[in-house]
Amino acid sequence: MKDPSPVSSPEPSDRPPEAPLDSWKEIASYVKRHVSTVQRWEEREGMPVHRHVHDKRGSVYAFSSELDAWLQSRGLRLEEEEKERLAETPVDAEDDHGPRGTPWARRWLVLGGVAALTLLAVTYVMTRSRAGGATRPKIKSLAVLPLKNLSGDPAQEYFADGLTEEVIGRLSMIRGLRVISRTSVMPFKDTHMSAPEIAKKLRVDALVEGSVIRQGGRVRVHAQLIRGATDEHFWSETYDRDFGDALALESELAQSVARKVEVTITGKEHERLVAARHVSPEVYESYLKGQFIQGYRRADVEKKIAYFEEAINKDSMFAPAYLGLANAYADLGSTFVGGPTEEVRPKVISAARKALELDPQLAEAHALLAEQQQDQWQWAEAGAEYKRALDLKPNDVAAHVGLANWLLCQGRIDEALTWAQRARELDPLGISGVQTGWILLFARRYDEAIREVRSVLAVHPDYDYALWSLGFALIGKGQYEDAIPVLERTVTMMERSPGSIEPLATAYGYAGRRTEALRLINELKQRRQTSYVSAGVLIGPYLALGNYDEAFAWFERAYQEKSETLQYLKVNPFFDPVRDDPRFADLLRRVGLDQAR
């Protein structure tokens, strides 16, 4: 079957599906341009031309499919450049009469041309040297756009996306560089927007774009750096590696980008940046497939767990697989999925600690451990772990959001908003804005909370957690009837998870729709007989109905379970009706939130 997509560089014993173009002349002929033009495009525009591994500088090769993809992405810019070049070309070559026939005239024309070119060259160099500082500002921020899967196999999307995320993760270790998160760059997958338009939306100085081709046991990544303001391509490189050396490839690519943008890297940052180990293709493939699955539905989470366990069974020393497993178990134990806390939490902590035992530099594992400690009201330990995570990975959005949440639980609203805003700067188009909205909700700034969450929904209209948060904010403002359709939709999207039913029952209660509220309360109670449902989800609905004694009975059950709902005792506006009750003050003390930190 004919495959129009490019394929990877062959191993010595293989014959690729498409024969390479084996010289500058063949490449120039294929793109219908002069050799000097394609050499200029390769140097300045990142045309995907490769060099054989030996001393002959001119011994190059390229693949037609790569050239087609590259020409398509840069077509208009190159055509305009070529038109300008042709407009400057002398036309006397077309005239066989006059000065062309006279040797002396030809000599004078040549001498005059040389002098003019020399003058132009000197002027160009002087102008560039004077203007260099003004036209090339220092790069302080960048985004790694989703690498294009050019393998000819849509099933390899998980690999291209996984590689993108891993490169972002590597660069996120550098404190002096602001690196945009994965959730904000993924909307630009297969985009037709220009580099300056993307850079403006993400508010970055530079972009990394490229492609990945996987064939068999080989991987080829072509990457290039682009100045956001000018669309100038000022660096490109191609990496051909065995699949088992994917981690080393990611490390080399990140190091090359860091060198080219001239960011200052500390000794410790450099150590973390270059750290890489060989991992078998089967292990890395299972790991990336687990990472690729998105969503919080039980079936999705269980599928993730299976992939990570598969990777661990094949290589029990691969730390990222334990981290992935810990994150998946954390999702399983969330209010939305409803896994039993007493069963799931030990698994999360065990996997996170194993990941740190194998690799103490895993910032995400420190952040996840902090989250679990916070769930158990170990406030000091959690704060220290969040700060350790941010020290290791200053651009990690999850650690920023986690620390903001920790500060929120302490009642330190302004500090929480500061950290949430920093997360938003790293994730301008992503989902971290929901955390800002959540903090504003708990600060009783309902209009601002609604605006913030709606700004996330403008980019991610089907993001269920944002809709869930919007419903809470509308309840807080007293717009119960507006909240109900939003939350009814959320219940459907979240497949009637206990955490989705809670705010809808609460909205029904405040709206005076008592029968509907009690129906949902009874559903949650019945489900507790056969599966895990957190006691915390029944507190809000009973408060909304004004049944405070029953609410306190569920507060106590939530305390025994160490429900995550109780983290927010100090700030949750839905607990305000009983905040002056002595039973509430006692609960606050037992959870460890009665003192400032």
Side-chain angles (χ1 to χ4, degrees), residues 2-96 100 106 109-110 113-114 116-118 120-121 124 148 150-152 209-215 218-226 231-241 256 260:
K2 186 176 179 181
D3 185 352
S5 301
V7 293
S8 67
S9 179
E11 296 185 43
S13 60
D14 294 337
R15 181 67 183 168
E18 59 169 307
L21 305 166
D22 267 331
S23 67
W24 284 116
K25 187 174 180 180
E26 286 189 24
I27 297 169
S29 175
Y30 182 79
V31 300
K32 297 180 175 60
R33 291 293 188 275
H34 192 272
V35 168
S36 62
T37 298
V38 294
Q39 288 176 333
R40 183 173 71 253
W41 285 353
E42 191 261 346
E43 179 182 353
R44 299 182 186 176
E45 299 290 340
M47 175 184 268
V49 176
H50 314 288
R51 286 175 170 74
H52 293 288
V53 186
H54 51 59
D55 295 331
K56 296 181 181 178
R57 184 180 181 279
S59 186
V60 298
Y61 66 96
F63 290 95
S64 58
S65 51
E66 286 189 357
L67 295 176
D68 290 341
W70 181 84
L71 285 166
Q72 185 178 4
S73 67
R74 310 237 53 81
L76 182 60
R77 173 189 171 91
L78 297 177
E79 288 299 329
E80 290 175 351
E81 178 191 305
E82 193 64 11
K83 286 177 184 177
E84 291 174 4
R85 188 186 67 78
L86 290 171
E88 296 171 359
T89 303
V91 296
D92 62 337
E94 300 175 4
D95 189 358
D96 288 333
R100 187 182 173 96
R106 287 201 303 273
L109 281 171
V110 170
V114 169
L117 286 172
T118 302
L120 283 171
Y124 174 80
K148 294 178 183 176
L150 298 183
S151 300
E209 70 173 17
S211 60
V212 57
I213 303 173
R214 179 185 173 191
Q215 185 184 33
R218 298 288 294 179
V219 178
R220 180 196 300 146
V221 173
H222 178 74
Q224 53 191 349
L225 264 169
I226 309 166
D231 202 16
E232 175 197 356
H233 292 55
F234 63 100
W235 169 83
S236 70
E237 190 67 65
T238 299
Y239 303 84
D240 286 285
R241 297 288 184 277
S256 297
K260 197 63 186 177

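Because only heavy atoms are used, hydrogens play no part in the values below, and waters and symmetry mates are left out as well, while side chains stay in. Keep in mind the model is a prediction, meaning the values are calculated, not measured.
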- Note: P48 and A62 closest approach over all heavy atoms is O-CB, 3.8 Å
- Rounded distance [0.5 Å steps], CD in E232 versus CG in L225: 10.5 Å
- Message: Using 0.5 Å steps for rounding, measure from the CD1 atom of I226 to the CH2 atom of W235.
- Response: 11.0 Å
- Identify, with sequence neighbours excluded, every residue that meets side chain to side chain contact (heavy atoms under 4.5 Å, CB included) alongside K25. S23
- Is S151 close to V212 at the side-chain level, that is, under 4.5 Å between some pair of heavy atoms? no
- Message: Applying side chain to side chain contact (heavy atoms under 4.5 Å, CB included), can you list everything that pairs with T238, at least two apart in sequence or on another chain?
- Response: H50, R220, H222, D240
- Item | Validation row: V31, T37 side chains within 4.5 angstrom (heavy atoms) | no
- Query: Distance-only, no hydrogens or angles: does the S211 side chain make a donor-acceptor pair with backbone N or O of K148 under 3.5 Å?
  - Reply: no
